[in-house]
**Q** 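One structure coming up, written as structure tokens, with questions to follow.
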Amino acid sequence: MGETRKKRSLAGVTHFSHQRATAPRAATLVYNALRNDILSLRRKPMDLLSEKALEAQFGVSRTPIREAILRLSDDGLVDIFPQSGTFVSRIPRHALYEAILVRKALETTTVGLAVEKMTPAGIRLLDRNVDDLGACLRDGDVTAFHLFDKDFHKLISDIAGFPGIWAIIEQVKVHSDRYRLLTLPREGRLARVIEEHSAVIGCMRNGDKKGAVEAMELHLGRLLYEVERAEIWDQNYFIEDAKNPLISAEKKGHFQ
């Protein structure tokens, strides 16, 4: 093969390989960005996801956009309606309850293990986290409060020596994250969360394993009770059964 033909052939292979390599990366980048937008409520339930608008926003072709949307659909975060479009999913009440139930079971176990491995450094990290939550409360910064709240629970898994447990929790709590951001602004809720976190830390500081488990059960159990007992749910944000994500006739007509 001549040198010119060889270079041209190699260039073609390199270009083809680059296309194959970058397409999945583009889909992953789009998926991560949209997932973060949905979980942070920057994109709210029932928001339309236009493929053309997403192509322009991310500067990619339709293929990675569609791959990202399919992954989000598998996560239960978007609903695809062939005749109407793709929408951010409403929060399924049953799946929300189930996620909090799983989280409660895992985190009460984890906090008990963390008490057994508690160190002064661990207590300092938890105390600093509560200070950060207090600063967010004073500033009225709900978004930052939510992030520090998650850090608190992750810290406990790290102290216990089982960070993988938190990774599992992260997978199941996608809907509860959205629920939390919707409900944190309620009057008195931020202060109550700080009180409940402080109660958990107090027991951990004293080596009170039983007390720490009970404090965590109370903290997460309040969410379970709230989801189970609440009678009024905004139908724009919540749905009873994720397997039947219906859009009302009025909404459907509006989006067509």
**Q** If only atom types and distance count, is the side chain of S157 paired as donor or acceptor with the main-chain N or O of P163 below 3.5 Å?
**A**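 Answer holds: no.
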
**Q** Locate the shortest heavy-atom distance separating Y179 from I91; write the atom from each residue and the value.
**A**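 So the two residues come closest at N-CD1, 3.9 Å.
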
**Q** Is a salt bridge present between E226 and R222, judged by a nitrogen-to-oxygen distance below 4.0 Å?
**A**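 Salt bridge: no.
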
**Q** CZ/F238 to CZ/R90 distance, rounded to the nearest 0.5 angstrom?
**A**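 Here the rounded value is 11.0 Å.
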
**Q** Flag yes if more than 12 heavy atoms outside K150 fall under 6.0 Å of its NZ atom; otherwise flag no.
**A** yes

**Q** Evaluate H219 against H153 for ring-ring contact (aromatic ring centres under 6.0 Å, His included), listing each step before the verdict.
**A** CA-CA 11 Å; H219 176 50; H153 292 276; 5.3 Å; yes

**Q** Compare all side-chain heavy atoms of D208 with those of V115 and state whether any distance is below 4.5 angstrom.
**A**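 Contact flag for D208/V115 side chains = no.
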
**Q** Look only at the side chain of R62 and the backbone of E51, and say whether a donor-acceptor pair between them is shorter than 3.5 Å.
**A** no

**Q** Check the hydrophobic clustering (I, L, V, M, F, W, Y; side-chain heavy atoms under 4.5 Å; chains of links allowed) and say if I123 and V200 are grouped together.
**A** yes

**Q** Taking the basic N atoms (NZ, or NE/NH1/NH2) and the acidic carboxylate oxygens, is any pair closer than 4.0 Å for R128 and D132?
**A** no

**Q** Taking the side chain as every heavy atom from C-beta outward, state whether F152 and L125 have any pair of such atoms under 4.5 Å apart.
**A**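 A side-chain contact is absent here, since even the closest heavy-atom pair is not under 4.5 Å.
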
**Q** Is the number of heavy atoms from other residues, nucleotides or ligands under 6.0 Å of Q235 CD greater than 12?
**A** no

**Q** Find out whether D149 and V193 are in side-chain contact, i.e. whether some heavy atom of one side chain is under 4.5 Å from a heavy atom of the other.
**A**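 The answer is yes; the side chains approach within 4.5 Å.
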
**Q** Under 4.5 Å between any side-chain heavy atoms of L113 and F162, yes or no?
**A** yes

**Q** Once rounded to the nearest 0.5 Å, what's the spacing between atom CG of D151 and atom CG of L133?
**A**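 That separation rounds to 9.0 Å.
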
**Q** Checking side-chain contact (heavy atoms from CB on, under 4.5 Å) between L101 and each of L224, L96, V172, which is the one that passes?
**A** L224

**Q** Locate the shortest heavy-atom distance separating F87 from M46; write the atom from each residue and the value.
**A** CD2-O, 3.5 Å

**Q** As a quick check of understanding, evaluate side chain to side chain contact (heavy atoms under 4.5 Å, CB included) for L223 and R180, giving each step before the final call.
**A** CA-CA 9 Å; L223 277 177; R180 289 282 282 165; 3.9 Å; yes

**Q** Please check if L147 and L184 belong to a single hydrophobic cluster, counting links between Ile, Leu, Val, Met, Phe, Trp and Tyr side chain heavy atoms closer than 4.5 Å.
**A**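 Looking at the clustering, L184 is in a separate group from L147.
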
**Q** Rounded to the nearest 0.5 Å, how far does CD1 of I38 lie from OG of S89?
**A** 7.0 Å

**Q** Thinking salt bridges, do K104 and E107 make one under a 4.0 Å N-O criterion?
**A** no

**Q** Same cluster or not: are W166 and F148 linked, directly or through other Ile, Leu, Val, Met, Phe, Trp or Tyr residues, by side-chain heavy atoms under 4.5 angstrom apart?
**A** no

**Q** Can you tell me how far CG of L34 sits from CZ of R42, rounded to the nearest 0.5 angstrom?
**A** 10.5 Å

**Q** Using 0.5 Å steps for rounding, measure from the OH atom of Y97 to the OG atom of S176.
**A**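 The OG atom of S176 is 14.0 Å from OH of Y97, to the nearest 0.5 Å.
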
**Q** Any donor and acceptor pair, going by atom type alone, linking the side chain of N36 with main-chain N or O of N32 inside 3.5 Å?
**A** yes

**Q** Determine the minimum heavy-atom distance between T108 and V213, stating which atoms define it.
**A**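 So the two residues come closest at O-CG2, 3.6 Å.
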
**Q** L77 and V88: side chain to side chain contact (heavy atoms under 4.5 Å, CB included), yes or no, with the steps?
**A** CA-CA 6 Å; L77 292 174; V88 176; over 6 Å; no

**Q** Does K117 use its side chain to pair, donor to acceptor, with the backbone of A160 at less than 3.5 Å?
**A**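 The answer is yes, because a donor-acceptor pair under 3.5 Å joins these two groups.
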
**Q** Might you work through the side-chain hydrogen bond (donor to acceptor under 3.5 Å, both in side chains) test for Y31 and D75, ending with a clear yes or no?
**A** CA-CA 11 Å; Y31 165 80; D75 291 344; 2.5 Å; yes

**Q** Salt bridge between D127 and R205, side-chain N to carboxylate O under 4.0 Å?
**A** yes

**Q** How far apart are the closest heavy atoms of L220 and I100, and which atoms are they?
**A** O-CG2, 3.9 Å

**Q** Using modelled atom types only, decide if a donor and an acceptor are shared between the side chain of D141 and the backbone of L137 within a distance under 3.5 Å.
**A** no

**Q** Are V102 and I169 grouped together when hydrophobic residues (ILVMFWY) are joined by side-chain heavy atoms under 4.5 angstrom apart?
**A** yes

**Q** Considering the options N206, I156, L126, which one meets the side-chain contact (heavy atoms from CB on, under 4.5 Å) requirement together with M118?
**A** L126

**Q** The test is side chain to side chain contact (heavy atoms under 4.5 Å, CB included); show your working for I80 and S73 and say whether it passes.
**A** CA-CA 7 Å; I80 302 171; S73 177; 4.0 Å; yes

**Q** Which heavy-atom pair separates H175 from G76 by the least distance, and what is that distance?
**A**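 Result for this residue pair: CE1-O, 3.3 Å.
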
**Q** Which atom pair, heavy atoms only, marks the closest approach of A105 to T109?
**A**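 Result for this residue pair: O-OG1, 3.1 Å.
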
**Q** Can you get from L181 to V78 by hopping between Ile, Leu, Val, Met, Phe, Trp and Tyr side chains that sit under 4.5 Å apart?
**A**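 In one cluster: no.
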
**Q** Rounded to the nearest 0.5 Å, what's the gap from CD1 on I165 to CG on D158? Could you check?
**A** 10.5 Å

**Q** Test D37 against every option in K44, R178, R43 by the salt bridge (Lys or Arg N to Asp or Glu O under 4.0 Å) rule and name the one that passes.
**A**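 Among K44, R178, R43, the one meeting salt bridge (Lys or Arg N to Asp or Glu O under 4.0 Å) with D37 is R43.
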
**Q** Evaluate the criterion side chain to side chain contact (heavy atoms under 4.5 Å, CB included) for residue pair L72 and R35; output intermediate values, then yes/no.
**A** CA-CA 7 Å; L72 291 168; R35 188 176 188 276; 3.9 Å; yes

**Q** Assess whether a salt bridge exists between R71 and E67, defined as any Lys/Arg side-chain N lying under 4.0 Å from an Asp/Glu carboxylate O.
**A** no

**Q** Looking only at the side chains, is there a donor atom on one of T183 and R189 sitting less than 3.5 Å from an acceptor on the other?
**A**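 Yes - a donor-acceptor pair under 3.5 Å links their side chains.
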
